[in-house]
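Each remark here refers to the structure printed beneath this line.
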Amino acid sequence: MADLSAVLEGGDVRLEPFDERHLEPFRAVCALDQGIWPIYPVNLGGDGFDVSLAMFLGSPEWVNFAVIDRRNGELVGMTNYIRPNMFGVVEIGGTFIQPSVRGSAFNRSMKKLLIEHAFANGFEKIEFRVDNRNERSKAAVAKLGALREGTIRSDMVTWTGHRRDTALFGLLKSEWNG
């Protein structure tokens with residue numbers, strides 16, 4: 001499979017490989033929404049930021065992107081490809097975008113860039129793994145056309161100590177209508 005790291009642009013969204021210059025703006029963005037972190041596997045909103053981000057950036061299985069709002073050039077979040085494999089499957093996840101762009105066309109535009117880039121680079125399936133408690137994210141993934149394939153029970157312990165059930169969604173290249 002191809003290297004998925006690239007600059008991707010469309011609509012109001014620019015995705016660029018996450019690097020050192022994105023670190024402090026991302027820390028500031030994560031601090032904007034302290035209430036969301038209990039439903040995430042890691043805490044990027046407080047004392048856990050440095051350790052959690054180091055896990056993301058240090059993993060050879062993650063391709064990290066800074067999410068930029070092209071309307072004003074500001075960093076508004078992060079998203080990732082996770083575990084791209086030789087069988088043509090890659091997960092999109094570890095996504096956080098600030099509240100000001102949630103619930104708008106921004107998230108769909110961001111995911112569309114990632115999905116189409118993965119499919120253009122030979123991947124046949126995109127997976128999304130969502131905390132089963134996270135109704136907003138499950139609805140957003142379903143709106144993309146991904147089908148719920150099941151629940152992976154008790155597969156992760158989050159930073160709060162919660163033993164998480166994960167909703168697994170899949171989107172095949174043949175099912176994608178953009």
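We're numbering straight along the sequence, starting at 1. Note that the structure is predicted; figures quoted are calculated from it, not measured. Hydrogens, waters and symmetry mates are skipped; everything else that's a heavy atom, side chains included, is used.
- A distance-only check finds a donor-acceptor pair linking the side chain of Asn121 to the backbone of His117 [under 3.5 Å].
- Cluster annotation: Ile97 and Ile68 are assigned to distinct hydrophobic clusters (Ile/Leu/Val/Met/Phe/Trp/Tyr, side-chain heavy-atom contacts under 4.5 Å, transitive).
- In the model, Thr151 has no side-chain atom that pairs as donor or acceptor with a side-chain atom of Asp165 under 3.5 Å.
- Ion pair Glu74/Arg14 not flagged as a salt bridge, since none of the NZ, NE, NH1 or NH2 atoms sits closer than 4.0 Å to an Asp/Glu carboxylate oxygen.
- Side chain of Ser59 to main chain of Met55: no donor-acceptor pair is present (N/O by atom type, distance under 3.5 Å, no hydrogens or angles).
- Salt bridge annotation for Arg129-Glu127: present, with a cationic side-chain nitrogen under 4.0 angstrom from a carboxylate oxygen.
- For the atom pair CZ (Arg148) and CG (Leu168), the distance works out to 9.0 Å, reported to the nearest 0.5 Å.
- Side chains of Thr166 and Arg164: a donor on one and an acceptor on the other come within 3.5 Å.
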Any chance you could lay out the side chain to side chain contact (heavy atoms under 4.5 Å, CB included) test for Phe106 and Gln98, step after step, and finish with the verdict? CA-CA 11 Å; Phe106 193 93; Gln98 72 183 30; over 6 Å; no

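- Between the Gln34 side chain and the Ala31 main chain, a donor and an acceptor come within less than 3.5 Å of each other.
- Within a 6.0 Å sphere centred on CZ of Arg153, heavy atoms belonging to other residues, nucleotides or ligands number 12 at most.
- Under the 4.5 Å side-chain contact rule for hydrophobic residues, Leu8 and Val13 share a cluster.
- Separation of atoms CG (Leu44) and CZ (Arg27) is listed at 10.0 Å; rounding is to 0.5 Å.
- In this structure, CG on Leu23 lies 7.0 Å from CG on Asp50, to the nearest 0.5 angstrom.
- Taking 4.5 Å as the limit, some side-chain heavy atom of Ile36 sits within range of a side-chain heavy atom of Arg102.
- In terms of heavy-atom proximity, Ser5 sits nearest to Asp3 at N-OD1, 3.1 Å.
- To the nearest 0.5 Å, atom CG of residue Asn85 and atom CD of residue Glu91 are 11.0 Å apart.
- By the criterion of side-chain heavy atoms lying less than 4.5 angstrom apart, applied directly or through intervening Ile, Leu, Val, Met, Phe, Trp or Tyr residues, Leu57 is grouped together with Val42 in one hydrophobic cluster.
- Side-chain rings of Phe18 and His22 approach one another, their centers coming within less than 6.0 Å.
- Salt bridge Asp131/Lys138: absent, no basic N to carboxylate O contact under 4.0 Å.
- Salt-bridge annotation for Asp12 and Arg70: absent, with no side-chain N of the basic residue lying under 4.0 Å from a carboxylate O of the acidic one.
- Within the 4.5 Å cutoff, the side chain of Phe96 has no heavy atoms near those of the Val67 side chain.
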Going through the checks in order, is the salt bridge (Lys or Arg N to Asp or Glu O under 4.0 Å) test met by Glu149 and Lys125? CA-CA 12 Å; Glu149 296 183 347; Lys125 182 180 182 185; 3.0 Å; yes

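- The aromatic ring centroids of Tyr81 and Phe65 lie less than 6.0 Å from each other.
- Of all the heavy atoms in Ala167 and Asn132, the pair that sits closest is CB-OD1, 3.7 Å.
- Nearest heavy atoms, Val90 versus Ala118: CG1-CB, 4.0 Å.
- Annotation: Asp47, atom CG; neighbour count of heavy atoms from other residues, nucleotides and ligands within 6.0 Å does not exceed 12.
- The backbone N or O of Phe49 sits nowhere less than 3.5 Å from a side-chain atom of Ser52 that would complete a donor-acceptor pair.
- Atom CD1 of Ile82 is separated from atom CG of Leu4 by 12.0 Å, given to the nearest 0.5 angstrom.
- Using a 4.5 Å cut-off on side-chain heavy atoms (C-beta onward), Val130 and Val141 make contact.
- Residues Leu114 and Met78 fall into different hydrophobic clusters, defined by Ile, Leu, Val, Met, Phe, Trp and Tyr side chains chained together at heavy-atom separations under 4.5 Å.
- In terms of modelled atom types and a separation under 3.5 Å, the side chain of Asn107 and the main chain of Met110 share no donor-acceptor contact.
- The heavy-atom pair separating Phe128 from Leu144 by the smallest distance is CZ-CD1, 4.0 Å.
- Listed for the Asp69 side chain is no donor-acceptor partner under 3.5 Å among the backbone atoms of Gly73.
- Nearest approach of Gly94 to Asn80, heavy atoms of both residues: O-ND2, 2.9 Å.
- One distance of note links CD1 of Ile39 with CZ of Arg136; it measures 8.5 Å at 0.5 Å rounding.
- Note on Lys173 versus Glu116: no salt bridge recorded, every NZ/NE/NH1/NH2 to OD/OE distance being 4.0 Å or above.
- Other residues, nucleotides and ligands contribute at most 12 non-hydrogen atoms within 6.0 Å of the NZ atom of Lys112.
- The closest side-chain heavy-atom distance from Pro17 to Asn64 is not below 4.5 Å.
- Residues Thr79 and Ile92 meet the side-chain proximity criterion, which asks for heavy atoms closer than 4.5 Å.
- Under the 3.5 Å distance criterion, the side-chain polar atoms of Trp159 are matched with a main-chain donor or acceptor of Trp37.
- Within the 4.5 Å cutoff, the side chain of Trp176 has no heavy atoms near those of the Ile126 side chain.
- With hydrogens and angles ignored, the 3.5 Å screen pairs a side-chain donor or acceptor of Asn43 with a backbone N or O of Gly45.
- Side-chain contact check for Glu124 versus Phe87: every heavy-atom pair is 4.5 Å or farther apart.
- Between the side chain of Tyr40 and the backbone N or O of Thr95 there is at least one donor-acceptor pair closer than 3.5 Å.
- Arg83 has its side chain out of reach of Val89: every pair of non-hydrogen atoms, C-beta onward, lies at least 4.5 Å apart.
- Residue-environment remark: CD (Glu20) stays at or below the threshold of 12 foreign heavy atoms within 6.0 Å.
- Of all the heavy atoms in Pro41 and Met156, the pair that sits closest is CB-SD, 3.5 Å.
- Following chains of ILVMFWY side-chain contacts shorter than 4.5 Å, one cannot reach Ile115 starting from Trp62, and the two form parts of different hydrophobic clusters.
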